[in-house]
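All values derive from a computational prediction rather than experimental measurement. Values below: every heavy atom of this structure, side chains too, minus hydrogens, waters and symmetry copies.
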Amino acid sequence: MAFPTHHVLPEKAYESYGSYLHVVGPSAIRVARALRPEEILAHVGASGLRGRGGAGFPTGRKWEAIAGHPCPTRYVVCNAAEGEPGTFKDRWLIRKNPYAVIEGLLVAAHAVSAKAAYIAVKRSFLPEMRSLKRALREMAEDLFLPVTIVTGPEEYLFGEEKALLNVMEGEGPFPRPVEQPPYEWGLFATEISANPTLVNNAETFAHVSTILRLGSESFRRLGTQDTPGTLIVTLSGAIRRPGVYEIPAGLPLRELLSDHGGGPLPGRSFKAVLSGVSSAPVLAKDFLTPCDFGSFQAIGSGLGSCGFVALDNATSAPRVAQAVARFLYVESCMQCSACKVGLGAASEAVDEMFSKKATPDDPEKAAIAARSAPQGNRCYLPVQGAALIPALLSAFKEEFDALIRAPGASSEDAWTLPKMTDFDEEKGVFLYDDRQRLKEPDWTYREETVRVRGNPRSTKRAFGGKQRRWPARGSS
């Protein structure tokens, strides 16, 4: 029997709930049921666990807000609708260890006295759904309340917690007003019942299972004072060994890239790393920064969901800016006009730099438009654009200036946005969503005419799309 640790990502997927418990020890659900809710809240708070979904909010404080709410009807939701470009950690965790995720979800349900628990995934996440359903069947004796899997659309905003609750209620993935956070206006809320709802990321719940089993003090001995415990990180882009790795928080980014990622591709060097599309890039001069929330914030970036995309000296920064600007513009939901208009103008200005219409004002136009997007916004998406797009324009000004000096002369291919659909562990490569490049701002997909191989006169249409509908579909 292996010695239990706070690591939640095994090298090989657990074959069964029994094999999982044989390695880790007693069921965290049973440990939790032997404790009073306030004792669990104390353990989670003392651990210093911060949410692994991106914002890094203290988990204990979030749980206490739900537990202390006067409304007796409460819910817990696992947000597994992962869609951040460069991130694959939650899907990989669920495939390899769904048991820890479900345990943490049930621990939370007991701690906040929830009526029911849910796991929200995209309906395209077929391997993850199979893994979760199998685990729930195997764990039936330990499940003391209903756990329902809810599926939703591909839209990026499905992963935003207020939009996620909307999808669960049968609506589209549209964020609710900012004054209606889930801990105040939750799932199936009405004027007479606010139904405060705890929404945490899949990795966050997995860490809770080890904290209950091994204690908050041992969890704090891992990582840093700012970010205790381990982090599950995704490495992709221009790097030798793309993959998903679990590391102690606080490991310097340079060490992560070299020791785990294998360093840059032959004959190349890193110039920056994107931390998803949520914050400014980390430049090579800052690669000694420890991987924790506070340290990344101190250099003007953000740890986010630890989806690190490596950019090397052969990567075109303008093409990167073009791809991320388009992604954020397309994925904006149109509820906040400043967001859609600002990000649309930023995307158009970056596109223009690659045309014969390019002008020296285009970089400034793109930066100003991106910064104007966060106005009365319901979610964080326009803030992401305001942080990332101007930062790329500033950090790689020479590349943008060179592009402007020779308008329309760029021979660089479009940069492939790392929106991941799968990981081939044997080959060590991620598969990307090829349809993303065809997505329109109204969330439809344009038709593309492609030539049939071997017959230059023949063409066929591909990737046709119609306006989507977003019914929530649940299964126990």
Side-chain angles (χ1 to χ4, degrees), residues 37 41 44-45 50-81 83 104-122 145-153 155-202 204-205 331-339 374-384 470-474:
L41 295 174
V44 175
R50 300 179 65 164
R52 300 300 198 250
F57 191 81
T59 304
R61 284 170 53 191
K62 197 172 190 178
W63 290 25
E64 287 170 1
I66 304 293
H69 198 284
C71 179
T73 303
R74 302 160 189 167
Y75 297 98
V76 291
V77 176
C78 172
N79 185 347
L105 179 69
L106 271 294
V107 169
H110 179 54
V112 303
S113 303
K115 178 181 179 180
Y118 297 84
I119 304 173
V121 299
K122 292 182 177 179
L145 84 172
V147 177
T148 302
I149 298 172
V150 178
T151 63
E155 274 60 59
Y156 179 50
L157 284 177
F158 177 37
E160 198 274 341
E161 60 181 11
K162 301 190 302 299
L164 182 143
L165 297 187
N166 261 4
V167 170
M168 295 177 68
E169 293 178 0
E171 303 295 331
F174 303 113
R176 297 172 178 177
V178 69
E179 62 269 17
Q180 292 182 356
Y183 57 84
E184 289 289 352
W185 188 261
L187 192 60
F188 313 123
T190 67
E191 293 298 329
I192 60 174
S193 184
N195 298 359
T197 299
L198 172 64
V199 183
N200 270 138
N201 168 263
T204 309
F205 281 127
E331 294 297 340
S332 173
C333 71
M334 292 191 284
Q335 287 191 106
C336 309
S337 58
C339 174
Q375 294 182 48
N377 47 296
R378 294 185 171 208
C379 74
Y380 195 72
L381 186 147
V383 181
Q384 297 174 218
W470 304 277
R473 302 175 184 175

I need the minimum non-hydrogen distance between [X] and [Y], along with the two atoms involved.
| X | Y | result |
| --- | --- | --- |
| T204 | G53 | OG1-N, 4.3 Å |
| L164 | A81 | CD1-CB, 4.4 Å |
| A194 | H69 | CB-CE1, 4.1 Å |
| F205 | A108 | CE2-CB, 3.6 Å |
| P173 | L157 | O-CB, 3.6 Å |
| R50 | R52 | O-NH1, 2.7 Å |

How far does [atom1] of [X] sit from [atom2] of [Y], to the nearest 0.5 angstrom?
| X | Y | atom1 | atom2 | result |
| --- | --- | --- | --- | --- |
| Q384 | C379 | CD | SG | 7.5 Å |
| L198 | C78 | CG | SG | 10.0 Å |
| T197 | E161 | OG1 | CD | 10.0 Å |
| M168 | T151 | CE | OG1 | 10.5 Å |

* A65: side-chain contact (heavy atoms from CB on, under 4.5 Å) partners, not counting sequence neighbours ->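 Expected list: none.
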* Asked: Partners of A111 by side-chain contact (heavy atoms from CB on, under 4.5 Å), sequence neighbours excluded?
  ->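 Applying side-chain contact (heavy atoms from CB on, under 4.5 Å) to A111 gives I40, L41, W63.
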Under the 3.5 angstrom rule, does the side chain of [X] hit a backbone N or O of [Y] as a donor-acceptor pair?
| X | Y | answer |
| --- | --- | --- |
| T148 | Y118 | no |
| R74 | V112 | yes |
| N200 | G51 | no |
| R378 | G376 | no |
| N166 | E171 | no |

Enumerate donor-acceptor pairs with a distance under 3.5 Å from any side-chain N or O in residues 178-190 to protein atoms, sequence neighbours excluded.
residue, atom, partner, partner atom, Å
T190, OG1, I192, N, 3.4
T190, OG1, S193, N, 3.1

* In chain order, what residues pass the ring-ring contact (aromatic ring centres under 6.0 Å, His included) check against Y156, with sequence neighbours excluded? ->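 Per chain and number, Y156 pairs via ring-ring contact (aromatic ring centres under 6.0 Å, His included) with F327.
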Side-chain polar contacts of residues 54-62 - donor-acceptor pairs under 3.5 angstrom, sequence neighbours left out - could you list them?
residue, atom, partner, partner atom, Å
T59, OG1, L49, O, 3.2
K62, NZ, V199, O, 2.7

* Apply the side chain to side chain contact (heavy atoms under 4.5 Å, CB included) test between I66 and each candidate in S113, C71, P196; give the one that qualifies. =>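 So the option named by the test is P196.
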* side-chain contact (heavy atoms from CB on, under 4.5 Å) between S332 and L381, intermediate numbers included -> CA-CA 7 Å; S332 173; L381 186 147; 4.1 Å; yes
* Asked: Which residues satisfy the salt bridge (charged side-chain N to carboxylate O under 4.0 Å, His left out) test with K122, sequence neighbours excluded?
  ->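 Residues passing salt bridge (charged side-chain N to carboxylate O under 4.0 Å, His left out) with K122: none at all.
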